[in-house]
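Okay, structure first, notes after.
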Amino acid sequence: MAPGALITTGPSGQFEYVQKLASGGCDNTVKVWKLTNGSWRMDCFPALQMHKDWVRDVAWAPNLGLPKSTIASASQDGTVVIWTEAKEGEQWEGRILYDFKTPVWRLSWSLTGNILAVSDGNDNVTLWKEAVDGEWQQVTTVEP
């Protein structure tokens, strides 16, 4: 499978690879792009909007063949938003993971996509995990 590729079922019922990427920037939005016929086109309309300032980082969680897609976005406004798409082509839903009250610089998912590392403006790195009930919980802080 190609990097950034997702698995979906095509019109014929066979599995297909879909290449997507997510971006964020100074317009405070997250955009999802899809490679179609050799060119990148925006795949979500409108762009995903929950941040009130620059989006500093966007990280796509590994989905390990599941139909659900998850993206995390970090912002200058101090928030991290977890975006989920239940199935290819459905509407993205966003929920705030946490308000760090300081800019959030970087995000990184574990290889299995179940732990999210967050680096904030207070030089803290925190690890977050989704509980069985769907709520995100901080599991540890990595001391500087």
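Remark: Ser69 OG to Glu90 CD distance equals 10.5 Å, nearest 0.5 Å. With rounding to the nearest 0.5 angstrom, the CD atom of Gln76 is 10.0 Å from the CG atom of Asn28. Atoms CG and OG1, from Asn122 and Thr126 in turn, are 10.5 Å apart once rounded to the nearest 0.5 Å. Annotation: the span from Thr70 atom OG1 to Trp83 atom CH2 amounts to 12.5 Å, rounded to 0.5 Å. Here the CZ-CH2 distance, from Arg56 to Trp105, works out to 5.0 Å after rounding to the nearest 0.5 Å. Atom-to-atom distance recorded for Lys20:NZ and Trp40:CH2 is 10.0 Å, nearest 0.5 angstrom.
Among residue pairs with one or both ends in residues 101-116, those qualifying as salt bridge (Lys or Arg N to Asp or Glu O under 4.0 Å) are Asp57-Arg106, Asp99-Lys101; sequence neighbours excluded.
For the pair Trp109 and Ala72, the tightest heavy-atom approach, listed with the atom from each and the gap, is CZ2-CB, 3.7 Å. Between Val81 and Gly94, the shortest heavy-atom contact is CG1-CA, 4.0 Å. Counting all heavy atoms, side chain and backbone alike, Gln49 lies closest to Pro46 at NE2-CB, 4.3 Å. Contact between Asn114 and Ser110 at its shortest, heavy atoms only, is OD1-OG, 3.1 Å.
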Walk me through whether Thr79 and His51 qualify under side chain to side chain donor-acceptor pair (under 3.5 Å).
CA-CA 7 Å; Thr79 63; His51 292 293; 3.0 Å; yes
Go through the steps to decide whether Leu97 and Leu116 satisfy the test side-chain contact (heavy atoms from CB on, under 4.5 Å), and finish with yes or no.
CA-CA 10 Å; Leu97 168 80; Leu116 178 66; 4.2 Å; yes
From CA spacing to verdict: side-chain contact (heavy atoms from CB on, under 4.5 Å), Val80, Leu107:
CA-CA 9 Å; Val80 170; Leu107 302 164; 4.1 Å; yes
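Counting only distance, with no hydrogens or angles, the side chain of Trp33 and the backbone of Ala22 share no donor-acceptor pair below 3.5 Å. Of the possible polar contacts, one joining the Ser75 side chain to the Asp53 backbone as a donor-acceptor pair under 3.5 Å is found. In this structure, Asp133 contributes its side chain and Glu135 its backbone to a donor-acceptor pair below 3.5 Å. In this structure a side-chain-to-backbone donor-acceptor pair under 3.5 Å is missing from Asp120 to Thr102.
A salt bridge links Lys68 with Glu130; the closest basic N to acidic carboxylate O contact falls under 4.0 Å. With salt bridges taken as basic N to acidic carboxylate O contacts below 4.0 Å, one links Lys34 and Glu88.
When hydrophobic clusters are built by joining Ile, Leu, Val, Met, Phe, Trp and Tyr residues whose side-chain heavy atoms come closer than 4.5 Å, directly or via intermediates, Phe100 is not grouped with Trp54. Hydrophobic clustering (ILVMFWY, side-chain heavy atoms < 4.5 Å, transitive): Met50 and Val58 are in one cluster. The hydrophobic cluster containing Ile96 also contains Val55, counting ILVMFWY residues as joined when their side-chain heavy atoms lie under 4.5 angstrom apart, directly or transitively. Each of Val118 and Leu127 belongs to its own hydrophobic cluster when Ile, Leu, Val, Met, Phe, Trp and Tyr are linked at side-chain heavy-atom distances under 4.5 angstrom. Cluster membership for Ile82 and Ile71, using ILVMFWY side-chain heavy atoms within less than 4.5 angstrom, is not shared.
Note: Trp128 and Tyr98 have tilted aromatic rings, judged against thresholds of 30 and 60 degrees for the angle between ring planes.
Contact annotation: the side chain of Val32 never approaches that of Phe45 to less than 4.5 Å [non-hydrogen atoms, C-beta and beyond].
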